[in-house]
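Here the structure comes first, spelled out in structure tokens, and everything after it is commentary.
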Amino acid sequence: MLGALSRNRPLLALLRGGNGGDKAASAALWAASKRFMSSDNTITVREALNSAIDEEMSADNKVFVMGEEVGEYQGAYKVTKGLLQKFGPDRVLDTPITEAGFTGLGVGAAMYGLKPIVEFMTFNFAMQAIDHLINSAAKTNYMSGGTINVPIVFRGPNGAAAGVAAQHSQCFAAWYGQVPGLKVLVPYDAEDARGLMKAAIRDPDPVVFLENELLYGESFPVSQEVLDPSFTLPIGKAKIMREGDDLTIVTFSKMVGYALKAADELAKEGISVEVVNLRSIRPLDRETINASVRKTSRLLTLEEGWPQHGVGAEICASVVEESFYYLDAPVERICGADVPMPYAANLERLAVPQIDDVIRAARRACFRKEEKKQATA
Amino acid sequence: MAVRQALRRAGGRLLATQGAMAPAALGVAGRGLSTSAEPITLEIPVPFKGHNVEPPSRTVETSAQELTEFFRTMFVMRRMEIAADSLYKSKFIRGFCHLYDGQEAVCVGMEAALNDKDCIITAYRDHCTHLGRGGTVLEVFAELMGRKDGCSLGKGGSMHMYNKKGGFYGGNGIVGAQTPLGAGLAFAQKYLKVEGVTLAMYGDGAANQGQLFEAMNISALWDLPVLYVCENNHYGMGTAEWRSAKSPEYYKRGDYVPGLKVDGMDCLAVKQAVKFAKEYALKNGPMVLEMDTYRYHGHSMSDPGSTYRTRDEISGVRQERDPIERIRKLLLSHEIATVAELKQIEKDAKKEVEDALSKAKESPSPDSEELFSNIYRKSYGAKSYGADRKEVVVTLP
């Protein structure tokens, strides 16, 4: 029995679950995909990223990978597993723990014409190198009058993991999303991961590719088209994950999964939710966001990062500016709590959005009464 | 005028603006200005100092042609920087303006040892370095004044001049950031098997930056063909080297990276050192070159440059060590040129700079549309916004 299980990779992945992964839903999805798409596969986000990088390195000699532990360790989160063995130490480089130095080196190599993929073990450590992302990479094409472009990808896990506390849990989507000259991508599922990574590597401009550690192990069904080496996704286009009529939830990365689950719950009380998976923070797909809100007339933004000056704030501003007269309710924002990330599990749970928070805010937007708690004497 | 091509060309090319001056026309008996490529052997007066490396010989080979080119090029650079000073004071140039006069021998001497496979990256004191890599005086002036014909279309300014084809990667405003970028250029050269080196230039002010040491570590570990060239003009803005560095012996600061201390006011010493270091770097990895140099102007146009150093010191250096005067003395003592011929070179150089200046003044400001160009190489139809986003919305080109 165990022997059979150990050979069934997708089933094992499901049984392991992921933090925040709903085993029952994933299993149902997997079963459905197996029944109706017989030639399709289920892959993890990790496998999606690994295969995308592998294929792009095979296709273009100028692409190389560098970062801490990407080579011999096979990647701190195993995203670069096998690449050193396949492409050799000239193209998969283990760096010392010197972010400012190796990031600057990557940007310089990109200025010359190579196509580096620089891994940050987490984006928290990229703050040590942030001058190179902004001043050396993002602004150079503009300052040089278009003569020097910087075709580099900065990738790594972003946002909260589980129990890693304040210095290892920050979401940087809003910071990088503010900078003209950068592209900022936020994949959710395996299809996003493959398509956006390939697009990012081929892109001639600096791309900040914000992954999520807790999604790496999650499996998603993908079609044959997604597995094809030529598959890419367009940069700057959001995806409607689920159509609805009453409320638009705009979100990205791990929170897309939460929004979909909230939508399932809300459907039971007759609230039909449309879930917009941004895929791209910059350029931001304002057309898709506003078209959706004009249809539903209600907006809820959902993100893990801090509320003030966050991604949700920009989405709300965009909708209020462009679709004010279509709104039937004030805009709602669900964000990470306005605190540094605590360690204790109960506090951490209060510091990040939960599905209940999304459901409550959705009901508010639809003017549904909350079940009132009994008042104490 | 393309400095690098001029300096490299052997074999008796006539100087660009020189006709063969018949001695009779000058009323001087004897031969005309020598443009011979015949080797002349000279001794470099100030010895090199080595750190973990045997310094090169002080005997250097040059030629009449090369020395004349040194003189002419440095003179053009000197005039250009002085003109920029006036432009700034008459408010044609705004913001920052960091002038290089006094340091000309560094970039001119370097170019004599480099070719088009090599790269240079420097900080914000970059006008003359840009010229050395093939830029023109016109595009420097136009860029300083924020005009269309500037090398960065007027969108960069004094600190952001680039020439990718010429192997010049700026023009960088953040102190020290250019050093790991330079390591990256060298990485790419090695990756693509180009047989060239990168000169990552920085000042004594930047020499204490952590990222410089991170870059040195990686480039030594990976044997990258990069030369870390410290232009030590002894003052980081208003702070003298002894006030900012526990060890101002910058050529030793690489520790395991060998270093050379060079008289940066002597074109020939610079040329010799760079030639030596380039050969080393292509085989063995990085080396530090400390160029002992001096800037006559303050840190920038807003710094008089006399609150942290004495006027006597400045005039003393000008008297004893000026790089242009050194070459002038060589040209005269070796009878390569007469006083009158040198005056003619100076006159022609002044005219070249003045012509470029008036042409640059005629260049228009960039069109308003340029506000939104070159943000991305590929925009995918993304939009950008002006200050009033309901008034100005642009689909990026």
Side-chain angles (χ1 to χ4, degrees), chain A residues 61-62 64 66 90-91 93 95-96 98-114 116 128-129 131-132 135-136 138-151 180-183 202-206 234-237 280 282-287 317 321-322, chain B residues 119 121 150-157 159-165 169-174 177-189 191-192 198 200 209-219 221-222 224 370 373-384 389-390 396:
Chain A
N61 263 341
K62 297 207 212 75
F64 70 96
M66 70 178 189
D90 286 345
R91 295 185 69 194
L93 296 121
T95 63
T98 53
E99 274 77 6
F102 71 68
T103 307
L105 191 150
V107 175
M111 286 179 177
Y112 193 91
L114 294 183
Q128 305 234 298
D131 177 61
H132 283 297
N135 282 320
S136 305
K139 298 177 185 172
T140 293
N141 196 46
Y142 192 82
M143 290 190 298
S144 69
T147 56
I148 300 186
N149 67 314
V150 185
L182 286 181
K183 289 162 181 166
R202 297 181 194 188
D203 195 276
D205 297 306
I235 289 180
K237 290 277 170 285
S280 175
R282 178 176 269 267
L284 189 63
D285 190 349
R286 296 167 208 276
E287 279 82 22
E321 283 167 357
E322 297 181 39
Chain B
C119 298
I121 188 166
C151 50
S152 301
L153 311 181
K155 287 163 70 166
M159 298 183 288
H160 306 299
M161 301 191 174
Y162 307 82
N163 180 356
K164 187 165 180 179
K165 288 200 180 71
Y169 289 83
N172 291 278
I174 307 297
Q178 73 276 17
T179 53
L181 294 177
L185 295 171
F187 177 90
Q189 288 170 310
Y191 189 102
L192 295 170
T198 293
Q209 277 258 319
Q211 59 188 321
L212 169 59
F213 295 96
E214 294 186 13
M216 283 190 193
N217 178 50
I218 296 189
S219 43
L221 210 50
W222 295 352
L224 301 181
E370 292 297 332
S373 64
N374 311 125
I375 295 174
Y376 298 116
R377 187 52 73 89
K378 210 167 171 194
S379 304
Y380 308 107
K383 292 207 162 60
S384 185
R389 56 198 290 121
K390 300 228 161 145
L396 292 177

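Naming convention: chains lettered A, B, ... in sequence-line order (proteins, then strands); numbering from 1 in each chain.
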Query raised in the report: Is it the backbone or the side chain of B:I375 that comes under 4.5 Å from a heavy atom of chain A, or both, or neither?
Result: both
Requested in this report: Might you point out which heavy atoms bring A:S136 and B:A177 nearest each other, and give the distance in Å?
Outcome: OG-CB, 4.4 Å
Query - salt bridge (charged side-chain N to carboxylate O under 4.0 Å, His left out) partners of B:K383, counting only residues at least two apart - result: A:E287
Report summary line: When rounded to the nearest 0.5 Å, the distance separating OH of B:Y376 from CD1 of A:I235 is 9.5 Å
Report summary line: Tightest non-hydrogen contact, residues A:M143 and B:Y162, listed as CE-OH, 3.4 Å
Query raised in the report: Between B:S384 and chain A, which part of the residue has a heavy atom less than 4.5 Å away: side chain, backbone, both or neither?
Result: neither
Query - Counterpart residues, salt bridge (charged side-chain N to carboxylate O under 4.0 Å, His left out), relative to A:R91 (two or more places apart) - result: none
Report task. Walk me through it: do A:K139 and B:H160 pass the test side-chain contact (heavy atoms from CB on, under 4.5 Å)? Result -> CA-CA 11 Å; A:K139 298 177 185 172; B:H160 306 299; over 6 Å; no
Requested in this report: Look only at the side chain of B:N374 and the backbone of A:N141, and say whether a donor-acceptor pair between them is shorter than 3.5 Å.
Outcome: no
Query raised in the report: When rounded to the nearest 0.5 angstrom, what is the spacing between CZ in A:F102 and CH2 in B:W222?
Result: 9.0 Å
Query - Which portion of B:E370 sits near chain A, non-hydrogen atoms under 4.5 angstrom - result: backbone
Report task. Identify which part of A:L182 has an atom lying under 4.5 Å from any heavy atom of chain B, answering side chain, backbone, both or neither. Result -> backbone
Query raised in the report: Looking at A:D90, A:V150, A:L93, A:T103, which one has more heavy-atom pairs under 4.5 Å with chain B than the rest?
Result: A:L93
Requested in this report: Check each atom of B:L185 against the heavy atoms of chain A and say whether the ones under 4.5 Å are side chain, backbone, both or neither.
Outcome: both
**Report entry** Top contributor to chain B contacts, counting heavy-atom pairs under 4.5 Å, from A:V107, A:T140, A:D131, A:T95
**Finding:** A:D131
Report task. Identify which of B:L153, B:I218, B:L221 forms the greatest number of heavy-atom pairs closer than 4.5 Å to chain A. Result -> B:I218
Query raised in the report: So, do B:K378 and A:K183 sit near enough that their side-chain heavy atoms are less than 4.5 Å apart?
Result: yes
Requested in this report: For residues B:N217 and A:P96, report the shortest heavy-atom separation together with the two atoms involved.
Outcome: ND2-CG, 3.6 Å
**Report entry** Contact origin within B:L212 toward chain A - heavy atom pairs under 4.5 Å
**Finding:** neither
Query raised in the report: Got a second to check how far B:E214's CD is from A:L105's CG, nearest 0.5 Å?
Result: 11.0 Å
**Report entry** Closest non-hydrogen atom pair between A:N61 and B:Y191, with its separation
**Finding:** O-OH, 2.6 Å
Query - Ring geometry between A:Y112 and B:Y169 (parallel below 30°, tilted from 30 to 60°, perpendicular above 60°) - result: parallel
Query - Least distance between heavy atoms, B:K390 atom then A:E321 atom - result: NZ-O, 3.4 Å
Query raised in the report: Highest number of heavy-atom pairs under 4.5 Å with chain A: which of B:A215, B:G154, B:A183, B:G171?
Result: B:A183
Query raised in the report: Taking every heavy-atom pair that is under 4.5 Å apart, which of B:G184, B:S379, B:S373, B:A186 has the most such pairs with chain A?
Result: B:G184
Query raised in the report: Could you state the interatomic distance from CG (B:N163) to OG1 (A:T147), rounded to the nearest 0.5 Å?
Result: 8.0 Å
Report summary line: When rounded to the nearest 0.5 Å, the distance separating OG of A:S144 from CE of B:M161 is 13.0 Å
Report summary line: Distance col, row A:K62:NZ vs B:L192:CG, nearest 0.5 angstrom, shows 7.5 Å
**Report entry** Minimal non-hydrogen separation, A:G146 against B:R377, with atom names
**Finding:** O-NH2, 2.9 Å
